Number of protein chains: 2
Amino acid sequence: MATRNIKEVAQLARVSVGTVSNVLNRPEIVSPATRERVFEAIKKLGFVRNEVARHLRVGRSRTVGLVVLDVANPFFVDVAQGAEAVADEHDSMVVLCNSAGDPGRERRHLDQLEQQRVMGILITPVETESPWVEELIARGTPVVLVDSPATGLQCSVAVDDRLGGQIAGAHLVERGHRRIGFVGGPPSVKQVADRYAGVTAAVAAADGTVELLTFTGPTLTVAEGRAIGERVAVLPPEERPTAAFCANDMMALGFLQAMASHGLRVPEDLAIIGYDDIDFAAAAAVPLSSIRQPRVLLGRTAIELLLEEVVEPEQHRHRQVIFQPDLVIRESSAMLR
Amino acid sequence: MATRNIKEVAQLARVSVGTVSNVLNRPEIVSPATRERVFEAIKKLGFVRNEVARHLRVGRSRTVGLVVLDVANPFFVDVAQGAEAVADEHDSMVVLCNSAGDPGRERRHLDQLEQQRVMGILITPVETESPWVEELIARGTPVVLVDSPATGLQCSVAVDDRLGGQIAGAHLVERGHRRIGFVGGPPSVKQVADRYAGVTAAVAAADGTVELLTFTGPTLTVAEGRAIGERVAVLPPEERPTAAFCANDMMALGFLQAMASHGLRVPEDLAIIGYDDIDFAAAAAVPLSSIRQPRVLLGRTAIELLLEEVVEPEQHRHRQVIFQPDLVIRESSAMLR
DNA sequence: AGATTCTTTTGAATCGTCTCAAAGACTTGG
DNA sequence: CCAAGTCTTTGAGACGATTCAAAAGAATCT
């Protein structure tokens, strides 16, 4: 209720508002005696600076928006933690928004962030071609794309998903699998399309006897993975793939559960490899093999690029940073016998 | 760069700034012709309302801060999703902050949120007695405590953790366990203390032959659970508990991994029950029994209480809403033979 | 036409802080 | 004691949107 302002502080300390502002922003130019008096007044009144008014005057906010595809996916939580760590060092704040894969939600979040005049936005867009994002940039909000290809209008950080898919595919082929299933989400999601392209390439590079089956659903969740798993589990053994490459670990975990509930053994009856290497992958019923991405680093780099753009807009050149994924082998893709 | 303001819109539409503001906030009182003209100008200029300035004038923000103990814990992600769903309906925004169990980080977040003049704050405090929170309230920011007991200065939502601990303990006792381990974090965390009190009560209520061992660490993470598990696994069988009640599912998952890596079978050699029933619990190596909390409902209720307080401060009476936990039995605590 | 009522539009004041030119207070040297 | 510098402090504009009393314009009635 009783929010004090700079004027009340000035009154109590018997100085002008300008001086109070100076104490707050450049204490070194104020004489020690005055400074002390102002600090006392601040303390006595319980004054808390109104960042909103400050921002209105200064014109630049200290918060960064991070819009992710799915907060429930630990992958994005880790990206967020990376971003937050850097923001913290620059006493900025990251506000985490969840588009949940819905373009409508994504747009609402972008609108809100723009209205708040955030310093910039980090986003994993729902759709690759996003006019909203381009307009946002045109109107002056810096954007860094996370895990999505840049169009040249902005910076981006990503992991080479095609390579990741290829590594996963090659691993399964090398393990002797000849009928591989790709368990993914909508191909409109860039990550899915790239990982699929990668595994396709790996299969093509094999001796021609390897078959690739595709199973997709609308989302990339545990539930979706389970649902697809149910469909796969009931296939006759001769049609059923002997290995599945899941577009992410959430799906892989769901898929794995479906196998278990149908009495199929992993990896004996069906091997599984996921993507992201979230912490829970190692704790799964059968520890999951996965393609590891530098999640935290992704977030760190994204916000660093953003800060660079904000601090020196003039000499900033948009860049695309691409990281390499790693293969992590665990029990779920152990050798076939 | 080129951020347009209401004045430019007014100029282009050949009306006063007051009219533009009216079009934005109460379009029905503006004549259709004028309204149309203003909308066109807005579109042509790519004008986006400056929420900061609006807020400065109106004095109330549309964002709510949510400060959680650990974003990596899916429990809190679900609470956040519940809160966000309600905020969405009231076109507000939830900004998610992670204290990571560190009072310093918590304080920094609270300071920042207060400076931003958020509408209110939902928080799971690191420490039960938090002078910061009380001062915050005294200065006029409404607060709702999540999963923490209220002091009467604010509303709170919580789940009866003591009861949860009791249910878990009773379950293990009933399954025939006579040496039960409690795997928890620092007792300064209210949740841990309550769950411990609950299991203690359950043990005391048994026939007196049940022993309760306590293993604690500084955090409530997967890694901590694993570390404690390592210690427990190497105990001689006659000292090792036959069942473990973990303070949350993250710890339980880590603990379970440690058992597996030491060749101990769950539940045969050691039964496990966790707390929270996060989605990953069911997908664990051995599906985890757990105490389920209404996570999403917790978030929904918290923000509803906050909104109630903000909308009608006069007739608002602080309330404490307490939910009941449920027992979910899975393989990890199946009957002893 | 003039009076009355209703609908629209106007524009100055306001929210809390920062900026910056200018004034005021002190020093120092001559 | 004065002039010329330093330090400090001052206070009048911004910043962008909202509000609201009052003015202007339309419509209705006598």
Side-chain angles (χ1 to χ4, degrees), chain A residues 1-39 41-42 45-62 111-112 114-119 139-141, chain B residues 1-39 41-42 45-62 111-112 114-119 139-141:
Chain A
M1 284 293 102
T3 19
R4 312 323 195 114
N5 59 27
I6 221 180
K7 211 156 140 194
E8 294 176 72
V9 174
Q11 241 154 28
L12 184 60
R14 314 188 130 271
V15 296
S16 69
V17 295
T19 299
V20 178
S21 179
N22 283 336
V23 169
L24 258 29
N25 301 299
R26 294 110 86 203
E28 69 282 359
I29 75 159
V30 179
S31 75
T34 315
R35 201 193 307 154
E36 203 41 54
R37 212 142 31 91
V38 172
F39 277 136
I42 288 178
L45 292 175
F47 165 79
V48 174
R49 189 221 242 105
N50 186 331
E51 180 65 29
V52 175
R54 172 197 171 82
H55 167 191
L56 173 60
R57 182 63 235 265
V58 176
R60 198 208 292 166
S61 148
R62 312 204 113 292
D111 281 352
Q112 260 176 322
E114 187 179 14
Q115 287 181 13
Q116 314 244 24
R117 297 292 191 272
V118 291
M119 175 164 54
R139 281 191 300 262
T141 302
Chain B
M1 288 291 102
T3 19
R4 313 322 197 116
N5 59 26
I6 219 180
K7 212 155 139 195
E8 294 176 71
V9 173
Q11 240 154 28
L12 184 60
R14 316 188 128 271
V15 295
S16 69
V17 294
T19 299
V20 177
S21 178
N22 283 336
V23 170
L24 258 29
N25 300 297
R26 293 109 88 204
E28 69 282 2
I29 74 158
V30 178
S31 76
T34 315
R35 201 192 307 154
E36 202 43 52
R37 211 141 33 91
V38 172
F39 277 137
I42 288 178
L45 293 175
F47 165 78
V48 174
R49 192 224 241 100
N50 186 331
E51 179 65 27
V52 175
R54 172 198 172 84
H55 168 190
L56 174 59
R57 181 64 234 263
V58 177
R60 199 206 293 164
S61 148
R62 313 204 113 290
D111 281 352
Q112 260 177 323
E114 186 180 15
Q115 287 182 12
Q116 314 245 23
R117 297 292 192 274
V118 291
M119 175 164 57
R139 282 191 300 262
T141 302

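Computed from a prediction, not measured in an experiment: that's the story for all the values here. So you know, we letter chains A, B, ... as the sequences are listed, proteins then strands, and number each from 1.
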Contact check, side chains of Asn5(B) and Asn50(B), non-hydrogen atoms, under 4.5 Å: no

salt_bridge(Glu114(B), Arg139(B)) N-O dist < 4.0 Å: yes

Protein-nucleotide distance (Ile29(B), atom CD1; dT9(C), atom C1'), rounded to Å: 9 Å

Nearest-nucleotide comparison on DNA chain C, the residue closer to the 5′ end among Arg35(B) and Phe47(A): Arg35(B)

Sugar-phosphate, base or nothing in reach of Val20(B), heavy atoms under 4.0 Å: nothing

Distance below 4.0 Å between Asn50(A) side-chain N/O and dG16(C) OP1 or OP2: no

Side-chain N,O (Arg57(A)) to OP1/OP2 (dG13(D)) below 4.0 Å: no

Ala41(B) versus Ala13(B), closest heavy-atom pair with distance: CB-CB, 3.9 Å

Every protein N/O lying under 3.5 Å from an N/O of nucleotides 22-26 of chain C:
none

Phosphate OP1/OP2 of dC18(C) contacted by Arg54(A) side-chain N/O (<4.0 Å): yes

Closest to the Val17(B) side chain, choosing from dA17(D), dC15(D), dA12(C): dA12(C)

Side chains of Arg49(A) and Phe47(A) in contact at under 4.5 Å (non-hydrogen atoms): yes

Main-chain N/O of Pro27(A) paired with Arg35(A) side-chain donor or acceptor, under 3.5 Å: yes

List, with names and distances, any nitrogen or oxygen atoms from the protein found under 3.5 Å away from nitrogen or oxygen atoms belonging to nucleotides 20-26 of chain D.
none

Sugar-phosphate, base or nothing in reach of Val15(B), heavy atoms under 4.0 Å: sugar-phosphate

Nearest-angstrom distance from the residue atom CZ of Arg14(A) to C1' of dT8(D): 18 Å

Residue pair Thr3(A) / Arg117(B), side-chain heavy-atom distance below 4.5 Å: yes

Distance below 4.0 Å between Arg49(A) side-chain N/O and dC18(C) OP1 or OP2: yes

Val38(A) and its side-chain contact (heavy atoms from CB on, under 4.5 Å) partner, picked from Val30(A), Val15(A), Asn22(A): Val15(A)

Atom pair distance, as rounded to whole Å: NZ in Lys7(B) and C1' in dT10(C): 15 Å

N/O (side chain, Thr19(B)) to phosphate O (OP1/OP2, dT10(C)) under 4.0 Å: yes

Rounded distance in Å - CG (Leu56(A)) to P (dC15(C)): 14 Å

Separation of atom CD in Glu36(B) from atom C1' in dT8(C), rounded to whole Å: 17 Å

Protein-nucleotide distance (Asn5(B), atom CG; dT18(D), atom P), rounded to Å: 12 Å

Side-chain touch Asn25(A)/Arg54(A), heavy atoms, less than 4.5 angstrom: yes

Nearest to side-chain heavy atoms of Thr34(A), which nucleotide of dT8(D), dG16(D), dT19(C): dT8(D)

Rounded distance (Å) that lies between atom P of dT18(D) and atom CG of Asn25(B): 4 Å

Candidates dT9(C), dT19(D), dG16(C) - which lies nearest the side chain of Ala53(A): dG16(C)

Contact check, side chains of Arg62(A) and Glu51(A), non-hydrogen atoms, under 4.5 Å: yes

Least distance between heavy atoms, Ser61(B) atom then Val118(B) atom: OG-CA, 3.9 Å

Which residue lies more 5' along DNA chain C, comparing Ser31(B) with Ile6(A) via nearest heavy atoms: Ser31(B)

Protein-nucleotide distance (Glu114(A), atom CD; dG16(D), atom P), rounded to Å: 15 Å

